Amino acid sequence: RWWIARGLWAIESVNANSWRSQQKHVLGDSRADILLAQETKIITDDALRAAERQARNLGWNPSVSLAHRAAQHHGSGGLGVFSRKGIGITTVGADSIPIGLRHRLHASWVGGLCKGGIYILSIYLRVNEGLTEANLLILQHAAILIKSLKGLFIIGGDWNLEPHVLEAANWTSMVGGRIHAPSQPTCNANVYDYFVVHNAISPAVAGVQRIDDAALFPRANRSAVCRGASPARGCFDARARPVFMAFQYGGCLPPWQAA
């Protein structure tokens, strides 16, 4: 947690492909302040409550959505936003998202980063489709949700779109945000995992870095924004990697520095 001494917040985005991998290899390993998850694949209320207990036991406050039940025992999508214990979090805007899209778009209010807190959203677009009607619908409802929240936001996830494609669609202008993406690919040769940050706080982003420890969870996409990141430690999986972001904003100190 080198970023604490530099007055930074660390935000991480990970597609671990299942809740089991998320719990075992991400929540237990990550040292970020805020964590965004995609493809948790939790399909029942009982499993969701169990996952929330497991997250709390690992030192996280959870805000998690159900996956879409694709088969009797299999789910598609499912999202989460997690904050470190001591940082408040609550799910917001769920009623504004169509039921059929709640496994691909999830929003939370987090009581940190900035005075009054900030909205953190996790998103997961459909795979191998590009800007199809289905993905445009997800983006449309994400824009509607962001506008309804009326506050500062960071949205991150597995977009399954290159940043320039999202930019060309004029979506970032529509929501009033700016893309912050790693320079290295996060899935095969593609950059699919990144963040869009509200224009007002975009200058506070210190940088975004792909995390090269995905050998621990070889199917994970993990993104992060950071400044002064250590050199890549190597990775055995060339297909998909996570992302990490470090963030600094005037008057927004982590709780352990605010005293």
Side-chain angles (χ1 to χ4, degrees), residues 11-15 34-40 42 48 52 61-68 75-83 87-114 116-127 129-161 163 165-181 192-202 205 223 225 243 245 247:
I11 306 170
E12 191 169 312
S13 179
V14 187
N15 182 336
I34 309 295
L35 179 66
L36 285 66
Q38 301 88 43
E39 284 206 276
T40 56
I42 300 169
L48 186 68
E52 290 173 338
N61 291 322
S63 173
V64 188
S65 70
L66 287 171
H68 170 71
S76 172
L79 301 160
V81 177
F82 303 85
S83 64
I87 304 174
I89 190 171
T90 187
T91 300
V92 296
D95 292 340
S96 302
I97 305 171
I99 293 175
L101 297 181
R102 291 178 189 174
H103 64 297
R104 294 192 176 272
L105 179 64
H106 184 72
S108 300
W109 173 87
V110 173
L113 279 76
C114 303
I118 189 170
Y119 295 110
I120 305 289
L121 293 82
S122 184
I123 193 168
Y124 174 54
L125 296 189
R126 294 169 67 94
V127 181
E129 293 191 11
L131 280 177
T132 59
E133 183 177 346
N135 275 337
L136 285 170
L137 182 64
I138 298 168
L139 291 172
Q140 176 186 350
H141 281 283
I144 292 170
L145 177 60
I146 288 170
K147 291 295 186 180
S148 72
L149 295 175
K150 300 184 185 302
L152 302 175
F153 69 84
I154 295 173
I155 177 168
D158 186 352
W159 299 82
N160 282 304
L161 297 172
V165 176
L166 186 65
E167 190 82 48
N170 205 39
W171 186 83
T172 53
S173 298
M174 186 188 309
V175 300
R178 184 172 300 173
I179 293 173
H180 291 271
Y192 284 165
D193 304 87
Y194 48 90
F195 303 87
V196 175
V197 180
H198 192 292
N199 284 332
I201 55 175
S202 179
V205 175
S223 294
V225 174
V243 189
M245 176 170 97
F247 176 90

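Below, each value reflects all heavy atoms present in this structure, side chains not excepted, and no hydrogens, waters or symmetry copies. Owing to the predicted nature of the structure, the values given are computational and were not obtained by experimental measurement.
Between Leu166 atom CG and Leu131 atom CG the span is 7.5 Å, to the nearest 0.5 Å. Considering CD1 of Ile120 and CD1 of Ile11, their distance stands at 5.0 Å, rounded to 0.5 Å. In this structure, Trp159 CH2 and Phe195 CZ are separated by 10.5 Å, a value rounded to the nearest 0.5 Å. Rounding to the nearest 0.5 Å places OG1 of Thr90 at 8.0 Å from CH2 of Trp109. Distance check: Leu152 CG to Ile201 CD1 gives 5.0 Å after rounding to the nearest 0.5 Å. The structure places OH of Tyr119 at 11.0 Å from OG of Ser108, a figure rounded to the nearest 0.5 Å.
Side-chain contact check for His103 and Ser76: no donor-acceptor pair (N or O, by modelled atom type) lies under 3.5 Å.
Not one N or O on the side chain of Asp193 forms a donor-acceptor pair closer than 3.5 Å with the backbone of Val14. Side chain of Asn199 to main chain of Gly176: a donor-acceptor pair is present (N/O by atom type, distance under 3.5 Å, no hydrogens or angles). The main-chain N or O of Arg102 is found under 3.5 Å from a side-chain atom of Ser65 such that the two form a donor-acceptor pair.
You'll find the side chain of Glu12 reaches within 4.5 Å of the side chain of Leu35, heavy atoms only. Between Glu129 and Asn160 there is no side-chain heavy-atom pair separated by less than 4.5 Å. Taking 4.5 Å as the limit, every side-chain heavy atom of Ile97 sits out of range of all side-chain heavy atoms of Arg104.
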Would you list the atom pairs, donor with acceptor, under 3.5 Å between side chains in residues 134-141 and any protein atom, with sequence neighbours excluded?
unit_1	atom_1	unit_2	atom_2	d
Asn135	OD1	Arg126	N	2.8
Asn135	ND2	Arg126	O	3.4
Asn135	ND2	Gly130	O	2.8

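Across every non-hydrogen atom of Ser63 and Ala107, the tightest pair is OG-O, 4.4 Å. Residues Ala181 and Pro163 come closest through the heavy atom pair CB-CG, 3.9 Å. Taking both residues in full, the closest heavy atoms of Ala143 and Trp171 are given as CB-NE1, 3.7 Å, listed atom of the first, atom of the second, then distance. What you find for His180 and Ser202 is that their closest heavy atoms are NE2-OG, 2.7 Å. Across every non-hydrogen atom of Gly177 and Phe153, the tightest pair is CA-CZ, 4.2 Å. Here the closest heavy-atom approach between residue Ser122 and residue Val81 is recorded as CB-CG2, 4.2 Å.
Of the residues listed (Leu79, Leu36, Ile155), the one engaging Ile123 in a side-chain contact (heavy atoms from CB on, under 4.5 Å) is Ile155, and it is the only one.
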